[in-house]
**Q** 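Pasting in a structure now, in structure tokens, and then I'll have a few things to ask.
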Number of protein chains: 2
Amino acid sequence: MAEMTTHRHRRRAETEAEIKAHAWAAMRESGPAVLSLRHVAREMGMAPSALYRYFASRNDLLTALIVDAYESLGEQVNETYVRAGAAGQNAFEVFMAVAHTYRGWAMSHRTEWALIFSTSLPDYNGTPETYAAAGRSFGILIQLTADAVAGGLIDVDRLDRTLDDKLRESMRVWAEHTGQELPAGALAGSMWCYSVMHGAISLDLNGQFPPPMADSPALFDSALRAMLAQLTPTD
Amino acid sequence: MAEMTTHRHRRRAETEAEIKAHAWAAMRESGPAVLSLRHVAREMGMAPSALYRYFASRNDLLTALIVDAYESLGEQVNETYVRAGAAGQNAFEVFMAVAHTYRGWAMSHRTEWALIFSTSLPDYNGTPETYAAAGRSFGILIQLTADAVAGGLIDVDRLDRTLDDKLRESMRVWAEHTGQELPAGALAGSMWCYSVMHGAISLDLNGQFPPPMADSPALFDSALRAMLAQLTPTD
DNA sequence: CTCACATAGAGAACAGTGTTCACTTTGCGA
DNA sequence: TCGCAAAGTGAACACTGTTCTCTATGTGAG
């Protein structure tokens, strides 16, 4: 009974989608954070108050947009994960493919990226929905780490020895929580890679790389490979 | 004649500082991006329009705040650079000290960090002043790279060979621009480290590390050391 | 087929915002 | 001491998100 698709229900879903589409369009040309309900309403030829039949507040609309963005990102990333895995590549190569997809998405969806990662939108607070969406995207990283461990690509013992006791303990706590076979050293390594990936993209998007290296997938690639090399056994 | 410090001039500087102080206070408790001129004015017991004698617009006030934030960051970072250098540590250890200062500043100045790095504040566009301020902070990284090269800490040739031709060329272009002795490989390595540093801080601040590893200087430290290890000659 | 009712929408209103403009007060320099 | 620029005021304008009352209208039950 959740999917009683009467005419009205379909119409409602359509308008909802149309609102979000107009919201994205507005943000794309004026930057996120200046999303104006009245503007969207004007654009759609309806009264501002009518929007409140679809989203309880501006924050709720933003939340829906953020969740959609996460979903779009997660979908693309997951797709490459599956495809690269099916092609029989090892976990590190799959990770590189996923990372490049991640970066490509960020570059071609700057508004979405900003909406997801720019701390502190005006007056906006994260909600459980967005946290859940974020977690799903994080899950792939965990999965990749487990794959790499299973494939013997990570020198687990050596990495483990580089951690100090308190850090190793934090890792162990989280590893239990994932339910995967994740030694502390491997988990730390995956965090290192995550940091490189996110940092390189973030700096690039914010224009904080010197001009000649801006928008350079090669720099991104080299940074990630450098970090991966640090995880391999045959040092 | 620029520093004719008449009574009026001093008063003016004071009010200007007071405005900024109130602005910071407001942002600290309501998040950045919701900075309201009227609120600041109310807090100071003056008419909203009076603020316009000090800052031509909300954007101008934001710019001043950002520049101040950069200056605060740059000052702290530079201080550790000087102190650690004077203590006779090698370039890598100095870098680690600088990185920890950087991270510490970010943690204790979340509002400032958000103001500097969160892309797309509502309606705010970067200005030459902020770019100049950013460049000054970037300069230390370049200096550290040069120090490391001079100290023979970086396996310049090996790193150089890992770069593909186009990337090496971009690096060379920028290296010339710095006026320092910076081989392409070393410059790439410094970008890798910059990415790790920024990424780890950014993820941590945005709460995108799993809870047990949140706010962990040790994880930050291990990630950076892993990347540094990738630069050393005695592989 | 009709009738009741939830749904979709309109439009006015409220409190808040950044910004401008004409006006007054006030302090400094000649 | 006088004149003028700087500092501050208060009203106004065009916005914003949100709420409220009100009116159509499509839908499901009898």
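Since we're looking at a predicted model, the values are computed, not measured. So you know, we letter chains A, B, ... as the sequences are listed, proteins then strands, and number each from 1.
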**Q** Can you check the A:Asn59 CG to D:dT18 P distance for me, whole Å?
**A** 7 Å
**Q** What's the verdict on side chain to side chain contact (heavy atoms under 4.5 Å, CB included) for A:Met96 and A:Asp221, showing C-alpha distance, side-chain angles and the deciding distance?
**A** CA-CA 8 Å; A:Met96 289 305 298; A:Asp221 195 270; 3.2 Å; yes
**Q** Pick one: which of B:Asp68, B:Leu65, B:Leu35 meets side-chain contact (heavy atoms from CB on, under 4.5 Å) with B:Leu115?
**A** B:Leu65
**Q** Take atom CE of A:Met46 and atom P of D:dA24, then tell me their distance rounded to the nearest Å.
**A** 17 Å
**Q** Write down the distance between CD (A:Glu14) and P (C:dA8), rounded to a whole number of angstrom.
**A** 13 Å
**Q** Rounding to an integer number of Å, can you tell me how far B:Leu35 CG sits from C:dG18 C1'?
**A** 11 Å
**Q** Taking only nitrogen or oxygen atoms into account, show me every contact under 3.5 Å that the protein makes with nucleotides 11-14 of chain D, one pair per line with its distance.
**A**
none

**Q** Once you round it to whole Å, what is the distance between P of C:dT19 and NE2 of B:His39?
**A** 17 Å
**Q** Just how far, in rounded Å, is P of D:dT16 from CD of A:Glu43?
**A** 12 Å
**Q** On DNA chain D, compare the nucleotides closest to B:Arg12 and A:Arg53; which residue's is nearer the 5' end?
**A** B:Arg12
**Q** A:Leu37 or B:Leu51: which one's nearest nucleotide on DNA chain D is closer to the 5' end?
**A** B:Leu51
**Q** In whole Å, I'd like the distance from the CZ atom of B:Arg42 to the C1' atom of C:dA15.
**A** 11 Å
**Q** If only side-chain N and O atoms count, and only distance matters, is there a donor-acceptor pair under 3.5 Å linking A:Tyr52 with A:Asp60?
**A** no
**Q** I'd like to check the side chain to side chain contact (heavy atoms under 4.5 Å, CB included) partners of B:Ala69; sequence neighbours left out, ordered by chain and number.
**A** B:Trp24, B:Trp105, B:Glu112, B:Ile116
**Q** Does A:Thr15 have a side-chain nitrogen or oxygen under 4.0 Å from the phosphate oxygens OP1 or OP2 of C:dA8?
**A** no
**Q** Mind checking whether B:Phe117 and B:His198 have ring centres under 6.0 Å apart?
**A** yes
**Q** Taking it one step at a time, do B:Leu187 and A:Met213 satisfy side chain to side chain contact (heavy atoms under 4.5 Å, CB included)?
**A** CA-CA 11 Å; B:Leu187 195 46; A:Met213 3 189 155; 3.8 Å; yes
**Q** Looking at C:dA8, I'd like to know if its phosphate oxygens (OP1 or OP2) sit under 4.0 Å from a side-chain N or O belonging to A:Tyr52.
**A** no
**Q** Rounded to whole Å, please give me the gap between CZ in B:Arg58 and C1' in D:dC15.
**A** 14 Å
**Q** Would you find more than 12 non-hydrogen atoms of other residues, nucleotides or ligands less than 6.0 Å from A:Glu169 atom CD?
**A** yes
